[in-house]
Trainee: 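Sharing a structure with you now.
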Amino acid sequence: MTISLFNTLTRKKEKFKPIQEGKVGMYVCGPTVYDSCHIGHARSAIVFDVIYRYFLASGFDVTYVRNFTDVDDKIINRANQLGIQSHEVSEKYILEFYEDMDALHVQRPTYEPYATKHIDNIIQLVETLIQKQFAYEIDGDVYFKVESFADYGKLSGRKLEDMEAGARVDVDKRKENPFDFALWKSAKPGEPSWDSPWGAGRPGWHIECSAMSSKYLGEHFDIHGGGKDLIFPHHENEIAQSESAFNKPFSTYWVHNGFVNIDSEKMSKSLGNFMMIKDALKRYHPEAIRLFLLSSHYRSPIDFTEQSMDEASQGLDKIYSLMDRLDKADLKTSQTKTGEYWKKFSEAMDDDFNTARGIGVLFDAIRITNRILDEAPNRDNSIDSIICARVDIQKIGEILGILHENPENYFKTKKTAAIQEEAIDAIRVEEMIQARKNARKEKEWAKADQIRQELEKMNIILEDRPDGTIWKIVKS
RNA sequence: GGCGGCAUAGCCAAGUGGUAAGGCAUCGGUCUGCAAAACCGACACUCUCCGGUUCAAAUCCGGAUGCCGCCUCCA
């Protein structure tokens, strides 16, 4: 089965045909490191992380590049605000980015280039563009001439003429066309700068991606990704620069993920409703965040709400509960053959990385395996089904980037956190459970029930299992 | 003004021409001293509305309504 994916460039779902058999070159726009990352950055990182994992699992040799934009107006502004150097700002947020990504189990790409470490490549590319007359210099600034690129607008589906009617663009009279964009910006005093043929300055935003993608993946590569908002102008401009400079198609496929809303509203400075990754991690398990972000198709908008996060958390509990049950079922095996669930999951993933459908398959596997465990766990064919399902669930978990924890540990950690959060006296709870156990032994049901009720008032739920009583905390 | 997307049960969400996955919630049941967990069953004769194409449409085409995004270096 081949992988199909939706290509923004053609607005169609297409079969994936790599440039080189068995290999994938993928470039994804990473963060501009001027602030903490929010849940939208997490979605983009996780969506492409899953795509990366799935290509690897499908046997491809993947080169995955994700850049850091570490020189930019916003970083400079932030540095001025804080009274520090701009590289100090970017270094701080790069570290924070790694903390967030590691916590979310986002795998490191093959290469993570920094714009500031590729200034030579950038200057060279700008020179090529000037030389080929696709760009022009004015007072130390260099602009790309959009009218020189006949296909300008092909990614975003706009025409230069139509856009000019809108006219919400800066009116720099020096530019030949208002949509001409900066390849190189001359430095103002105090700004970070590098020497160039046009004087001291720094790269424009778009050029770094063309320079770095061509360096690590070649001038023509397979997949370019990023958030939907990057389609215009960022990716449109990347295409214009790259195809003009290299005279060949840039990326074959363009993949864009949708936004994350917060309580049905777009995250914005004015609303002040940014959900930062580090804050989300304080409230929810990292794998619950992954499960939530993957529970809708990657191109659809998704709404981050307390309810949807609680549901994702419940779903994760359900998955770990089964894994715990399987651990305790003591099924010795070294079998690793995948079965029907993996097959169905792969079919969903082959179809434009449909993780929502794939998660449906995962829950099917869980339900059916629980049923077998309830009804006839010891029959030979039951054992086969259970072992096979377990292999599939693990493998699906690897693609989704969940199930990193030992199930017993998962529940233990969760409980410890809840004990702290709800300020529960664990020793007293244990004593009450012991008292109830004694009461039950004597068949003093009224007393046992009274203890249960008291615990319920403390938001504690008991479960009598064959091997003893366990307790859980429900969040108030 | 230009371009694009979405509308499926109480909520979230798959579905890409063949008769509506999955999750949460709710209601029955099995299990349990009682519960919880797990499982079983019920829960959209119908997919915003109106037309059209077709033997067949949630799916394709046209129109209407509603919501959203981009055109501001916001993933």
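Chain letters run A, B, ... following the sequence lines, proteins first, then strands; residues in each count from 1. Remember, predicted model here, so these are calculated numbers, not experimental data.
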Trainee: With a 4.0 Å cut-off, would you call A:K343 and A:E347 a salt bridge?
Mentor: yes

Trainee: Under 4.0 Å, heavy atoms only, any strand: does A:G157 hit a base, just the sugar-phosphate, or nothing?
Mentor: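 Result for A:G157 = sugar-phosphate.
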
Trainee: I'd like to know if the side chain of A:E311 pairs up with that of A:Q307 as donor and acceptor (distance under 3.5 Å, no hydrogens or angles considered).
Mentor: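 Distance-only check passes for A:E311 and A:Q307.
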
Trainee: Mark this stacking check for A:F363 against B:G22 as yes or no, applying ring centres under 5.5 Å and ring planes under 30°.
Mentor: no

Trainee: With rounding to the nearest 0.5 Å, note down the distance linking CD1 in A:I319 to CG in A:L403.
Mentor: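 So the gap between those two atoms works out to 6.0 Å.
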
Trainee: Taking the same atom, P, in B:G29 and in B:C68, what whole-Å distance lies between them?
Mentor: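 It works out to 44 Å between them.
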
Trainee: Provide, to the nearest angstrom, the distance between the NZ atom belonging to A:K437 and the P atom belonging to B:U32.
Mentor: 20 Å

Trainee: Given the C1' atoms of B:C49 and B:G69, what is the spacing between them in whole Å?
Mentor: 24 Å

Trainee: If you compare every side-chain N and O of A:T469 against the phosphate oxygens of B:A36 (OP1, OP2), does one of them come in below 4.0 Å?
Mentor: no

Trainee: Would A:I460 and A:K472 count as a side-chain contact (heavy atoms from CB on, under 4.5 Å) here? Give the steps.
Mentor: CA-CA 6 Å; A:I460 288 161; A:K472 287 182 181 172; over 6 Å; no

Trainee: With heavy atoms under 4.0 Å as the rule, sort A:S156 into base, sugar-phosphate or nothing.
Mentor: sugar-phosphate

Trainee: Looking at A:N370, I'd like to know whether one of its side-chain N or O atoms comes within less than 4.0 Å of OP1 or OP2 on B:C39.
Mentor: yes

Trainee: Please pick, from B:C34, B:C73, B:A75, the nucleotide with the shortest atom-to-atom distance to any side-chain atom of A:D449.
Mentor: B:C34

Trainee: Check the distance between B:C73's C1' and A:L183's CG and give it to me in whole angstrom.
Mentor: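 Interatomic distance, CG of A:L183 to C1' of B:C73: 14 Å.
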
Trainee: Please answer whether the main-chain N or O of A:D70 pairs with a side-chain N or O of A:T116 as donor and acceptor at a distance below 3.5 Å.
Mentor: no

Trainee: Please compare A:D374 and A:H38 by the position of their nearest nucleotide in RNA chain B and report the one closer to 5'.
Mentor: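 Its nearest nucleotide lies further toward 5', so the answer is A:D374.
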
Trainee: Based on the glycosidic angle (syn within 90° of 0, else anti), state the conformation of B:C27.
Mentor: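 Anti, which is what one calls it when the glycosidic angle falls more than 90° from 0.
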
Trainee: Suppose you measure atom P in B:A14 against the same atom in B:A21; what distance do you get, rounded to whole Å?
Mentor: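 It comes out at 15 Å once rounded to the nearest Å.
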
Trainee: Whom does B:C67 pair with, Watson-Crick or G-U wobble, provided both distances fall under 3.5 Å?
Mentor: B:G5

Trainee: Rounded off to whole Å, could you give me the CD1-to-P distance for the A:I366 and B:A38 pair?
Mentor: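 About 10 Å, once rounded to whole Å.
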
Trainee: Report yes or no: do A:H235 and A:H206 form a side-chain donor-acceptor pair below 3.5 Å?
Mentor: no

Trainee: For the base of B:C68, is there a side-chain donor-acceptor partner from A:N261 under 3.5 Å away?
Mentor: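 Flag unset: no donor-acceptor pair detected.
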
Trainee: Heavy atoms from C-beta onward define the side chain here; which of B:A38, B:C34, B:A14 lies closest to that of A:S296?
Mentor: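 The answer is B:A14.
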
Trainee: Provide the distance between the two P atoms, one in B:C67 and one in B:U72, to the nearest whole Å.
Mentor: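 Each nucleotide's P atom is 24 Å from the other's.
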
Trainee: Using a strict cut-off of less than 4.0 Å between a Lys/Arg side-chain nitrogen and an Asp/Glu carboxylate oxygen, indicate whether A:E99 and A:K278 qualify as a salt bridge.
Mentor: no

Trainee: Over all strands shown, is A:S300 touching base, sugar-phosphate only, or nothing at heavy-atom distances under 4.0 angstrom?
Mentor: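 Touches sugar-phosphate only.
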
Trainee: Rounded to whole angstroms, how far apart are CE on A:M349 and C1' on B:A14?
Mentor: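 Nearest whole value for this atom pair: 14 Å.
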
Trainee: Take the protein atom CZ of A:F259 and the nucleotide atom C1' of B:C6, then report the distance between them rounded to whole Å.
Mentor: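 Checked: the CZ to C1' distance equals 15 Å.
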
Trainee: Classify the nucleic acid contact of A:G40 as base, sugar-phosphate or nothing, counting any heavy atom under 4.0 Å across all strands shown.
Mentor: base

Trainee: Are A:Y98 and A:F68 close enough that their ring centers fall under 6.0 Å?
Mentor: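 Yes, the ring of A:Y98 comes within the 6.0 Å limit of the ring of A:F68, centre to centre.
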
Trainee: Should A:Q307 be listed as having a side-chain N or O under 4.0 Å from OP1 or OP2 of B:A25?
Mentor: no

Trainee: Base, sugar-phosphate, or nothing: which does A:R440 touch, judged by heavy atoms less than 4.0 Å apart?
Mentor: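 Since a base atom lies under 4.0 Å of A:R440, the category is base.
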
Trainee: Quick one: look up who B:G28 pairs with, Watson-Crick or G-U, both distances under 3.5 Å, and put none if it's unpaired.
Mentor: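 Check on B:G28: paired to B:C40, both distances under 3.5 Å.
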
Trainee: Applying a 4.0 Å non-hydrogen cut-off, can you work out what A:E311 is touching in the nucleic acid: base, sugar-phosphate, or nothing?
Mentor: base

Trainee: Taking only N and O in the side chain of A:K318, is any of them less than 4.0 Å away from OP1 or OP2 of B:C24?
Mentor: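 Yes, because at least one side-chain N or O of A:K318 sits under 4.0 Å from OP1 or OP2 of B:C24.
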
Trainee: Just call it for A:G30: base, sugar-phosphate, or nothing, with non-hydrogen atoms closer than 4.0 Å on any strand.
Mentor: nothing

Trainee: Please work out if A:V260 contacts a base, only the sugar-phosphate, or nothing of the nucleic acid, heavy-atom cut-off 4.0 Å.
Mentor: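 A:V260: base contact, heavy atoms under 4.0 Å.
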
Trainee: Rounded to the nearest angstrom, tell me the gap between atom CD1 in A:I461 and atom C1' in B:A38.
Mentor: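 Rounding to the nearest Å, CD1 of A:I461 and C1' of B:A38 are 16 Å apart.
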
Trainee: Check if the side chain of A:R452 and the base of B:A35 share a donor-acceptor pair of N or O atoms closer than 3.5 Å.
Mentor: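 Present.
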
Trainee: Work out how far the C1' atom of B:A9 is from that of B:C3, and round it to whole angstrom.
Mentor: 34 Å

Trainee: Could you check A:R299, A:K12, A:K13 and say which one makes a salt bridge (charged side-chain N to carboxylate O under 4.0 Å, His left out) with A:D352?
Mentor: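 With A:D352 as partner, salt bridge (charged side-chain N to carboxylate O under 4.0 Å, His left out) holds for just one option, A:R299.
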
Trainee: Please tell me which of the listed nucleotides, B:U16, B:A75, B:C73, lies nearest to the side chain of A:L230?
Mentor: B:A75

Trainee: Across all strands shown, which nucleotide pairs with B:A14 by Watson-Crick or G-U wobble geometry, both distances under 3.5 Å?
Mentor: none

Trainee: Map A:S308 and A:D229 onto RNA chain B by nearest heavy atom, then report which one ends up closer to the 5' terminus.
Mentor: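 This one resolves to A:S308.
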
Trainee: Looking only at atom C1', what distance separates B:C43 and B:C11, rounded to whole Å?
Mentor: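 Between the two C1' atoms, the distance is 14 Å.
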
Trainee: With rounding to whole Å, what would you report as the distance between B:A42 and B:C6 at their C1' atoms?
Mentor: 31 Å

Trainee: For the side chain of A:P233, counting heavy atoms from C-beta on, which of B:C73, B:A75, B:G22 is nearest?
Mentor: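 In terms of side-chain proximity for A:P233, the closest of B:C73, B:A75, B:G22 is B:C73.
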
Trainee: Taking pairing as Watson-Crick or G-U wobble with both contacts under 3.5 Å, can you name the mate of B:U59, or confirm there isn't one?
Mentor: none

Trainee: Using the C1' atom as the point on both nucleotides, what is the distance between B:U16 and B:C60, in whole Å?
Mentor: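 It works out to 10 Å between them.
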
Trainee: Give A:R66 one of three labels, base, sugar-phosphate or nothing, depending on what nucleic acid heavy atoms sit under 4.0 Å from its own.
Mentor: nothing

Trainee: Over all heavy atoms of both residues, which pair between A:T369 and A:A389 is shortest? Give the atoms and the distance, please.
Mentor: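 Closest heavy-atom pair between A:T369 and A:A389: OG1-CB, 3.3 Å.
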
Trainee: From CZ of A:R299 over to P of B:G4, roughly how many Å is that when rounded to an integer?
Mentor: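 In whole Å, B:G4 P and A:R299 CZ are 16 Å from each other.
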
Trainee: Any donor-acceptor pair under 3.5 Å between the side chain of A:R11 and the base of B:G4?
Mentor: no

Trainee: From the options B:C73, B:A25, B:A75, select the nucleotide whose nearest atom is closest to the side chain of A:Q314.
Mentor: B:A25

Trainee: So, does A:R371 get its side chain near the phosphate of B:C40, meaning an N or O under 4.0 Å from OP1 or OP2?
Mentor: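 Yes, because at least one side-chain N or O of A:R371 sits under 4.0 Å from OP1 or OP2 of B:C40.
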
Trainee: Specify the separation, in whole Å, of atom CD of A:E238 and atom P of B:A75.
Mentor: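 Taking atom P of B:A75 as the reference, CD of A:E238 is at 14 Å.
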
Trainee: From the list B:C40, B:C73, B:A14, which nucleotide is the closest neighbour of the side chain of A:R357?
Mentor: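 Among the listed nucleotides, the one closest to the side chain of A:R357 is B:A14.
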
